[in-house]
Protein chains: 2
Amino acid sequence: MDEPGFSLRDSNICIVGLGLMGGSMALALRDQVAGITAVDADPATCDAAVQQGIVSQASSDLNLAASAEIVILATPVRTLIQQISELAPILKPGTLIFDLGSVKGPVVEAMNALPAHIHAVAGHPMCGKEVSGVAHADAALYQGARFVLCRTERTTTEAWALASAIVDTIGAHSVEMDSAHHDQVAALISHLPYLMSAALASEAGRAASTDPMLWTLASSGFRDTSRLAGSDPTMMSNILSLNSVNVMAAMAGAQAVLQQLSEALLHEDYEQICGTLSVAQNARRSWEESQRK
Amino acid sequence: MDEPGFSLRDSNICIVGLGLMGGSMALALRDQVAGITAVDADPATCDAAVQQGIVSQASSDLNLAASAEIVILATPVRTLIQQISELAPILKPGTLIFDLGSVKGPVVEAMNALPAHIHAVAGHPMCGKEVSGVAHADAALYQGARFVLCRTERTTTEAWALASAIVDTIGAHSVEMDSAHHDQVAALISHLPYLMSAALASEAGRAASTDPMLWTLASSGFRDTSRLAGSDPTMMSNILSLNSVNVMAAMAGAQAVLQQLSEALLHEDYEQICGTLSVAQNARRSWEESQRK
């Protein structure tokens with residue numbers, strides 16, 4: 001296999017997808033690398049990014065990636081999986097493809113199918129915001145976040161070192177995981193919170209459409225629990241449908257808890273309600289304690 | 001009917017239940033009234049509150065309320081409903097009973113059963129924290145919050161004015177509602193968020209007990225969506241069981257959304273997933289817009 005044979009500092013990077021994650025990546029890396037360009041489907045986004053100095057050059061044509069030594073895919077995960085195969089004939093031998101997709105199994109599979117002269121590492125930064133678009137890009141977004149890295153059949157020693165250097169440079173902490181394990185965990189701590197938030201917002205919104213008092217009285221509890229429901233539906237549909245087996249299992253677990261509580265309420269089984277709610281409180285506390293370490 | 005015939009500034013207040021809400025109420029009111037005492041079942045809490053100057057006197061004996069012109073009930077809602085009838089023979093004619101309970105129907109019912117010489121207004125401040133206890137008491141807790149006030153058959157013009165003065169003094173905004181409407185709305189914007197948060201924490205916690213990677217990767221999305229699960233299970237069981245009809249209806253609505261998403265995932269119905277998630281995003285946005293007004 002060809003080795004990249006270059007350091008991050010000497011690399012030209014092309015970021016594909018100038019949304020919140022790609023834009024923040026560009027801001028966090030731009031002073032640390034030889035050059036940054038971007039590909040985005042929206043010409044207006046390309047123009048704005050160049051004008052604001054986020055990247056030196058931007059185009060809606062994926063061929064712009066040909067001159068890069070590192071390509072970072074930050075498009076919605078269904079799109080980026082397509083782009084992996086589209087990039088294969090475009091890139092120079094030894095180029096590293098790295099991605100920020102929220103589901104890793106199908107990405108690793110697509111990377112495994114790349115020709116041997118293209119190198120690839122799959123990644124997932126455990127951070128984000130419920131808002132989208134390059135307008136919300138923030139150089140500090142990745143600071144202190146965990147960043148999952150998954151090896152692929154196209155991960156050379158040097159490719160791994162380069163991906164790790166990107167993670168270090170943007171201030172995140174890398175965590176090595178296999179893609180199946182990542183997707184299982186992400187279903188529970190990322191996709192399920194989103195779904196619970198969306199179901200809440202949806203049900204409250206239905207009632208709010210005929211009763212203005214709901215939004216008048218909704219306060220910090222509703223605000224925090226419904227925050228994730230503001231996420232982009234297309235992005236989230238991509239993620240959920242590519243991780244559907246794990247997501248359905250996580251949903252079934254949460255639905256069973258709701259069903260248990262609903263039945264205990266129906267039967268006025270106060271002990272059962274208390275017990276079920278205590279399990280939830282203990283879980284939240286165990287997470288809180290883990291954060292203090 | 002006897003009228004209270006006194007202003008808030010000239011009143012002696014007895015707060016029953018020195019937890020987060022009662023303690024915060026004492027801190028917010030203590031420089032604005034003639035005197036504040038407290039009743040709490042826990043002698044150590046009583047001693048600490050007097051030593052820290054939160055109240056001038058405290059006891060585990062409800063008879064301490066006899067000398068007050070205003071009694072504010074801040075105990076868990078099942079307890080405070082009992083205390084309403086226990087207080088009836090203890091209090092001076094014209095005393096105002098006011099409460100902070102999260103469910104209003106059963107409280108108003110208990111207040112309606114008071115003798116005519118006791119006055120009563122039911123209240124619910126739309127604020128709180130997921131932590132409990134007087135140690136977290138905060139004079140600013142009520143600042144800017146909506147504060148629901150419900151009339152009862154024991155609400156005189158002066159009793160209403162006094163309850164409104166308390167709300168104004170602590171920096172909250174009063175909202176008049178009938179108790180049935182309050183309980184319907186609270187089920188959707190307060191009790192349902194808690195239940196979704198608890199179901200999430202419970203399901204993630206179950207997996208985390210055998211896989212430490214869950215808590216390593218859980219980030220801001222999990223943090224915010226699971227925050228309410230940290231609430232006291234006894235307090236929440238009280239609330240949920242006293243509002244069970246509304247709570248079960250709200251849960252059924254949210255469970256139907258989850259079920260719809262689960263089936264759409266199973267049938268790979270991408271359009272349906274996107275559509276359902278868009279409804280949720282629009283609901284969250286409509287709440288956000290309501291907050292800007």
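We name chains A, B, ... by the order of the sequence lines, and we start the count at 1 in each one.
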Report the option among A:Pro193, A:Ser202, A:Ala145 that has the most heavy-atom pairs separated by less than 4.5 Å from atoms of chain B.
A:Pro193
Does any backbone or side-chain atom of A:Met251 lie under 4.5 Å from a heavy atom of chain B? Answer side chain, backbone, both or neither.
side chain
So which of A:Asp232, A:Val279, A:Leu214, A:Val175 has the largest heavy-atom pair count under 4.5 angstrom toward chain B?
A:Leu214
Just by distance, no angles: are the side chains of A:Thr234 and A:Ser237 close enough, under 3.5 Å, to form a donor-acceptor pair?
no
Under 6.0 Å from the ring centre and within 45 degrees of the ring axis: does the NZ or CZ of B:Arg151 meet both conditions for the six-membered ring of B:Trp160?
yes
With no hydrogens and no angle check, just 3.5 Å: does a side-chain donor-acceptor pair link B:Thr79 and B:Gln83?
no
Indicate whether the side chain of A:His181 and that of B:Asp211 have a donor and an acceptor atom separated by less than 3.5 Å.
yes
Part of B:Ser262 within contact of chain A (heavy atom distance under 4.5 Å)
both
Find the one option among A:Arg223, A:His182, A:Gln184 whose heavy-atom pairs under 4.5 Å with chain B are most numerous.
A:Arg223
Taking every non-hydrogen pair under 4.5 Å, which of A:Ala252, A:Ala204, A:Ser231, A:Ser226 racks up the most with chain B?
A:Ser226
Is it the backbone or the side chain of B:Arg285 that comes under 4.5 Å from a heavy atom of chain A, or both, or neither?
neither
Does the side chain of B:Asp138 come within less than 4.5 Å of B:Leu27's, by heavy atoms?
no
Could you tell me which of A:Gly205, A:Gly230, A:Ala207 has the largest number of non-hydrogen atom pairs under 4.5 Å with chain B?
A:Gly230
Given that the side chain runs from C-beta out, which part of B:Gln259 has a heavy atom under 4.5 Å from chain A: side chain, backbone, both or neither?
both
Evaluate the ring planes of B:Trp215 and B:Phe222, with Trp represented by its six-membered ring, and classify them as parallel (under 30°), tilted (30 to 60°) or perpendicular (over 60°).
tilted
With a 4.5 Å cut-off on heavy-atom pairs, point out which of A:Gly128, A:Ala229, A:Ser244 contacts chain B the most.
A:Ala229
